[in-house]
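Computed from a prediction, not measured in an experiment: that's the story for all the values here.
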Amino acid sequence: MIPGMNKKQMKQMERQMKKMGMKMEELEGVRQVELIIDNPGVSLMNVMGQETYQVEGKAREVELEYEIEIPDEDIEMVANTAGVSPDEAREALEECKGDLAEAIMKLNQ
């Protein structure tokens with residue numbers, strides 16, 4: 001929602017956008033966005049102090065490398081449940097990105 005606009009104004013704007021074939025949808029629960037867009041076209045719109053960026057271009061996926069911390073309790077639980085050594089349990093947990101159930105299933109195969 002754009003600050004300073006009441007519901008009636010928002011509905012009018014939505015109707016005008018619909019006439020122009022535009023659709024805007026607010027996504028809930030988004031906390032962070034990381035995109036790589038080569039040679040982007042970027043526009044900035046400032047409406048009553050609220051900045052909105054429009055980025056045009058082709059997005060590409062990038063695999064982000066990150067290291068997860070696996071608690072000793074998780075290693076111990078996986079090792080005991082799967083009947084393997086703590087080193088094997090740690091390796092399985094790292095491969096499964098810390099997912100306990102997936103690591104146990106992998107070790108039991």
Side-chain angles (χ1 to χ4, degrees):
M1 180 171 230
I2 299 173
M5 291 186 88
N6 62 37
K7 284 188 174 189
K8 185 177 179 181
Q9 290 170 322
M10 280 300 293
K11 286 289 182 192
Q12 288 173 340
M13 186 175 85
E14 287 172 1
R15 279 195 294 271
Q16 290 298 325
M17 288 173 62
K18 188 175 181 179
K19 286 180 184 178
M20 293 186 286
M22 297 170 65
K23 182 180 179 185
M24 184 171 69
E25 178 180 347
E26 189 168 326
L27 303 176
E28 299 292 328
V30 177
R31 307 231 357 126
Q32 184 176 352
V33 176
E34 294 184 33
L35 293 173
I36 301 294
I37 301 176
D38 297 317
N39 302 312
V42 181
S43 302
L44 170 64
M45 180 172 62
N46 190 315
V47 178
M48 303 174 99
Q50 178 72 33
E51 292 183 343
T52 302
Y53 294 87
Q54 179 176 333
V55 181
E56 299 174 29
K58 183 163 176 71
R60 63 180 165 96
E61 283 189 42
V62 175
E63 233 1 84
L64 296 177
E65 299 268 334
Y66 60 92
E67 191 173 317
I68 59 170
E69 290 187 33
I70 301 171
D72 291 337
E73 299 83 31
D74 290 358
I75 295 169
E76 186 178 331
M77 187 179 85
V78 170
N80 290 338
T81 304
V84 298
S85 72
D87 289 336
E88 290 173 296
R90 177 183 297 281
E91 187 177 314
L93 281 163
E94 287 172 355
E95 287 176 18
C96 298
K97 297 182 175 114
D99 186 317
L100 299 172
E102 187 178 342
I104 292 167
M105 288 178 13
K106 178 181 179 70
L107 290 167
N108 285 332
Q109 289 180 348

Close side-chain approach of [X] to [Y], heavy-atom, < 4.5 Å:
| X | Y | result |
| --- | --- | --- |
| Glu94 | Ile70 | yes |
| Met77 | Asp72 | no |
| Glu51 | Met45 | no |

Give the minimum heavy-atom separation between [X] and [Y], together with the two atoms involved.
| X | Y | result |
| --- | --- | --- |
| Pro40 | Val55 | CB-CG1, 4.0 Å |
| Leu93 | Ile68 | O-CD1, 4.3 Å |
| Glu56 | Ile37 | O-CG2, 4.2 Å |
| Val78 | Ala89 | CG1-CB, 3.8 Å |
| Glu88 | Val84 | OE1-CB, 3.4 Å |

How far does [atom1] of [X] sit from [atom2] of [Y], to the nearest 0.5 angstrom?
| X | Y | atom1 | atom2 | value |
| --- | --- | --- | --- | --- |
| Met17 | Met10 | CE | CE | 8.0 Å |
| Lys58 | Asn39 | NZ | CG | 13.0 Å |
| Glu102 | Cys96 | CD | SG | 4.0 Å |
| Asn108 | Lys106 | CG | NZ | 12.0 Å |

**Prompt:** Are Asp38 and Arg60 close enough for a salt bridge, meaning some N to O gap below 4.0 Å?
**Reply:** yes
Keeping [X] on the side-chain end and [Y] on the backbone end, is there a donor-acceptor pair under 3.5 Å?
| X | Y | result |
| --- | --- | --- |
| Asn80 | Glu76 | yes |
| Gln16 | Met13 | no |
| Gln9 | Asn6 | yes |

**Residues, nucleotides or ligands: over 12 heavy atoms within 6.0 Å of Asn46 CG** = yes
**Item:** Co-membership, hydrophobic cluster, residues Leu107 and Met105, 4.5 Å side-chain
**Value:** no
**Working for side chain to side chain donor-acceptor pair (under 3.5 Å), residues Glu14 and Gln12** = CA-CA 5 Å; Glu14 287 172 1; Gln12 288 173 340; over 6 Å; no
